[in-house]
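A quick write-up on the structure given underneath.
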Amino acid sequence: MNNILHLKCLICGEEYSPDEIEYICPNHGNEGIVDVRYDYERIGQQISREQITQNQDYSIWRYQPLLPIDSNSLVPPLQVGWTPLYPAPRLAVDLGLNHVWVKDDGRQPTASFKDRASAVAVVKAREKNADIITTASTGNAAAALSGLCASVKQANVIFVPETAPPAKIAQLLVFGSTVMLVKGTYDDAFELCLEAAAEYGWYNRNTAYNPYMTEGKKTASLEICEQLDWHAPDAIFVSVGDGCIIGGLHKGLKDLLSLGWIEKMPRLVGIQAEGSNFMVEAWENGEDVLSKAPIDAQTVADSISAGLPRDRLKAMAAVNETNGAFISVTDEEILAAIPVLARGSGVFGEPAGATAYAGLVKAVNRGLVSASDRIVVLNTGNGLKDIAGAMKSVELVGTAPYRVSTNLEDLKRVMANKVGA
Ligand SMILES: *Cc1c(COP(=O)(O)O)cnc(C)c1O
Ligand SMILES: [Zn+2]
């Protein structure tokens, strides 16, 4: 038993029961993304915020009545969700702000935010008795699916661009996935994966195409609000590639507003890399995201490199309906943000994770936030995911190790000459 009312197409508004369609509205090729709609009245009768707060299950499953899974569903054993929300007073002072928090999704089982969605995919696939689950990914969604599948011995086939960072490819191989390194971009891998899923009848986890991924991702908003004692923040900063995370954050907040569990809608601010700025362009120029042509995406932040953001409808709504913004930052600003975020909070993000912080810096410079705003910055991926990016980031800010021989005298010479010693 779950609380889904229907699946509603974001393009034509058609409503379907979850048994009628598996992924998308069939009227628009591969673009008919649907939204999962719930019976909030029934949810409100089943559960209260106070009951949730008492729940000792510190994972995304504490929100089961708000998720597209049955109350007796078998969930994977890995602990997904309930990542820490750290107050970051030193970062706040640096920025001239009073309240900044960093939510660290680098702490997920496979070290990125994507575990939230892949955990739901594994449950849905098992409901359908799928033999194989598949996804295309820039790397993290794949690693997440791979790890969660390993935790329940579920076969899976993964499509990633051959240029994905080695750490992410290593995760896939260690977890035992069948790995297809695609000679092309993420967008190419996505198209190939959709074709393969149709050809072989595999369960399809692809971002946006599978509407339940938004539902997994929304749990970050539910956690943020619960961790702030149900006082919603004023703004949430998050990086954007396909736009599924920002759409998911919006969904979670809409759920909480519908239930009357929070009083206001936070502004959602989506940050893109300048070389992968489809959403920023569309938002600034008022372009229709369905007809806008794909761009040629290039950025050091591989996790947000997307020429055609698959969840662009939900992403645009997330910003427009919350009075938020899309902001772009350069690769240099992204890399520079990695050590700043790490030194100011102890949270080490991969390039796409630190992108959110780079966006906050820019928003402050542009006067888009006020000092009293309560601001959450989401780190979406662990810094160890991309060591090449991390090493570039420290080089950029001029941090290098000292080389010493094995004797103390040599060390003393180095210490004496050390800048700032
Ligand atoms: C996937 C990902 C993002 C972007 O999420 P979208 O849903 O594609 O917008 C950001 N950061 C990291 C680390 C990711 O893995
Ligand atoms: Zn439709």
Side-chain angles (χ1 to χ4, degrees), residues 7-16 20-21 23-35 104-106 108 110-118 135-145 160 164-165 167-168 171 186-187 190 206-211 213-214 216-218 220 237-251 268 270-273 276 278-279 290 297 299 301-316 318-319 326 334 338 348-359 377-386 389:
L7 309 177
K8 188 178 170 83
C9 174
L10 295 177
I11 298 177
C12 69
E14 185 81 27
E15 293 172 358
Y16 300 92
E20 246 175 304
I21 56 168
Y23 309 108
I24 53 173
C25 171
N27 302 334
H28 326 277
N30 284 333
E31 302 298 346
I33 309 296
V34 300
D35 184 36
D104 186 13
D105 262 50
Q108 297 281 8
T110 76
S112 90
F113 190 101
K114 298 298 195 302
D115 287 334
R116 297 181 184 276
S118 289
T135 197
S137 166
T138 58
N140 282 337
L145 184 62
V160 288
K168 298 180 183 180
Q171 284 183 291
Y186 166 58
D187 301 276
F190 195 100
N206 276 305
T207 296
Y209 189 87
N210 185 320
M213 300 306 92
T214 303
K217 289 176 178 178
K218 78 182 180 186
F237 282 70
V238 64
S239 62
V240 173
D242 273 324
C244 187
I245 294 182
I246 197 168
L249 293 174
H250 187 212
K251 180 63 175 290
L268 290 173
I271 326 298
Q272 293 204 290
S276 179
F278 183 104
M279 295 306 304
L290 278 182
T299 169
D302 65 290
S303 300
I304 50 172
S305 185
L308 183 66
R310 300 290 164 167
D311 237 342
R312 54 203 184 279
L313 285 173
K314 287 181 185 172
M316 190 56 87
V319 163
F326 280 110
I334 290 171
I338 294 175
F348 177 18
E350 68 165 86
T355 296
Y357 187 73
V377 176
L378 199 52
N379 173 39
T380 41
N382 194 293
L384 294 175
K385 289 273 197 174
D386 184 356

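We count ligands from 1, going down the list as the structure has it; atoms in each ligand are counted the same way.
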For [X] and [Y], test the side chains for any donor-to-acceptor distance below 3.5 angstrom and give the result as yes or no.
{"X": "Thr214", "Y": "Lys314", "answer": "yes"}
{"X": "Lys114", "Y": "Ser137", "answer": "no"}
{"X": "Thr110", "Y": "Gln171", "answer": "no"}

[atom] - nearest protein heavy atom and its distance:
{"atom": "atom 10 (C) of ligand 1", "value": "Ser239 OG, 3.1 Å"}
{"atom": "atom 5 (O) of ligand 1", "value": "Ile245 CD1, 3.2 Å"}
{"atom": "atom 8 (O) of ligand 1", "value": "Asp242 N, 2.7 Å"}
{"atom": "atom 12 (C) of ligand 1", "value": "Thr380 OG1, 3.3 Å"}

Residue portion contacting ligand 1 (non-hydrogen atoms closer than 4.0 Å) for Lys114: side chain
Any donor-acceptor N/O pair, Asn206 side chain to Tyr209 backbone, under 3.5 Å: no
Donor-acceptor under 3.5 Å (Gln108 side chain, Phe113 main chain): no
Atoms of ligand 1 close to Asn140 [distance to a heavy atom under 4.0 angstrom, numbered from 1]: 13 (C), 14 (C), 15 (O)
For ligand 1 and [X], I'd like to know whether there is a polar contact (N/O to N/O, distance under 3.5 Å).
{"X": "Thr207", "result": "no"}
{"X": "Gly353", "result": "no"}
{"X": "Cys244", "result": "yes"}
{"X": "Ser112", "result": "no"}
{"X": "Ile304", "result": "no"}
{"X": "Gly381", "result": "no"}

Count, waters excluded, of protein N, O or S atoms under 2.8 Å from the Zn ion (ligand 2): 4
Thr207 vs Lys217 side-chain heavy atoms within contact, under 4.5 Å: yes
Of Asp187, Ile33, Asn30, the residue whose pairing with Arg310 passes side chain to side chain contact (heavy atoms under 4.5 Å, CB included): Asp187
Positive for side chain to side chain donor-acceptor pair (under 3.5 Å) with Tyr186, one of Asp242, Thr138, Asp302: Asp242
